[in-house]
Amino acid sequence: MNDPTQLLAKTTLFGGLDAPILADIAKQLREVSYASGALILSTNDPGNTMYIVREGRVRISALTAEGRQISFRHVEPGQIFGEIAVLDGGPRSASATALTAVRALSLTRPQFEILADRHPSIARAALRFVCGRLRQTSEQLEAIALYPLEVRIARLLLSMANQRGNAKAGNSIRFPLGMSQSELALLIGATRPRVNDALAVLEAE
C-alpha cells in the first residue's frame, strides 16, 4: 500500500478521522525499515516515536524478573506499535522485535502533539484507542488465567481470522499463520510442547 493516507485509514487509532486530517498526518510520516531479528524498541528506553507497519511482522514482548520472555501481541500491516510512550511521554513499556523484514512509517511525539493541537479529533481518537488497548490486554490476561490451552489457541486463531476478514460461521477457512509453534506459545503463555499437544487435540476434534 503506497498511499500513506490509505494505510492510516486502516489503523484503529486514525481510521475514523476525516480525509483532510489523514492527509495532514501523512505529511509528517517518515519511512523506516528493519531487518529480520532487529530490536526496534527496548523496554524502559526513552520513547519518542510510534510506528505504523507497512510490511512485515513485529513482536511486542517483555522479560519477567526471572528472565522469561512474554509476548503480548504481533503487529502486522495496518497496525501501530510504540504509541504508549508517545502518548504519555514515559519510557517504553515493552520491547519490539522485527520477526521478518519490516517497513514502517514513523511519527514522533512532537509531531503528534502538533497534530493533536491542530485537530482535536486526533486526541479523542487516541483516548478511544488507549481504552481499546486496555480492554484487549485485560481480555488476554483473563484468557491466560481462566481458559484451557486449547480454548486460548482457538480464540487466537479466530481473532486472526476475523482480522483478515475471512472468518464465517460454518465454513472451513485457511490462512497463513505466519509464525512457528514457539512463537505461538509465547503469545498464549505456554510452552511449545504443550502447544503442539493442544493443536493435536484441536485437530482431532
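Using modelled atom types, no side-chain atom of Ser42 and backbone atom of Asp45 make a donor-acceptor pair closer than 3.5 Å. In this structure, the side chain of Arg92 engages the main chain of Gly82 through a donor-acceptor pair within 3.5 Å.
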Please table the atom pairs, donor to acceptor, closer than 3.5 Å between any side-chain atom in residues 12-29 and protein atoms at least two apart or in another chain.
unit_1	atom_1	unit_2	atom_2	d
Asp24	OD1	Arg118	NH1	3.1
Asp24	OD2	Arg118	NH1	2.7
Asp24	OD2	His119	NE2	2.7

Show me the side-chain donor-acceptor pairs of residues 98-109 shorter than 3.5 Å, one per line, residues at least two apart or across chains.
unit_1	atom_1	unit_2	atom_2	d
Thr100	OG1	Arg57	N	3.0
Arg103	NE	Glu31	OE2	2.8
Arg103	NH1	Glu55	OE2	2.7
Arg103	NH2	Glu31	OE1	3.3
Arg103	NH2	Glu31	OE2	2.7
Ser106	OG	Arg30	O	3.2
Thr108	OG1	Gln111	N	3.3
Thr108	OG1	Gln111	OE1	3.1
Arg109	NE	Glu113	OE2	3.4
Arg109	NH1	Val86	O	2.4
Arg109	NH1	Leu87	O	3.4
Arg109	NH2	Glu113	OE2	3.0

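The two residues Leu7 and Val53 come nearest to each other via the heavy atoms CD1-O, 3.8 Å.
In the hydrophobic cluster analysis, where Ile, Leu, Val, Met, Phe, Trp and Tyr join through side-chain heavy atoms closer than 4.5 angstrom, Leu39 is grouped apart from Val58. Hydrophobic clustering (side-chain heavy atoms under 4.5 Å, transitive across Ile, Leu, Val, Met, Phe, Trp, Tyr) keeps Leu127 apart from Phe112. Put simply, Ile84 and Ile52 are part of two different groups of oily side chains (I, L, V, M, F, W, Y) that touch within less than 4.5 Å, one to the next. Placement of Ile122 and Ile114 in two distinct hydrophobic clusters is found when ILVMFWY residues are connected by side-chain heavy-atom separations under 4.5 Å, directly or transitively.
No hydrogens or angles considered: nothing links the side chains of His74 and Gln79 as a donor-acceptor pair under 3.5 Å. Side-chain polar atoms of Thr43 and Ser95 form a donor-acceptor pair below 3.5 angstrom.
Note that CG of Leu158 is 9.5 Å distant from CZ of Arg155, once rounded to the nearest 0.5 Å.
Within the structure, every pair that satisfies the ring-ring contact (aromatic ring centres under 6.0 Å, His included) test and touches residues 39-58, not counting sequence neighbours, is listed here: Tyr51-Phe81.
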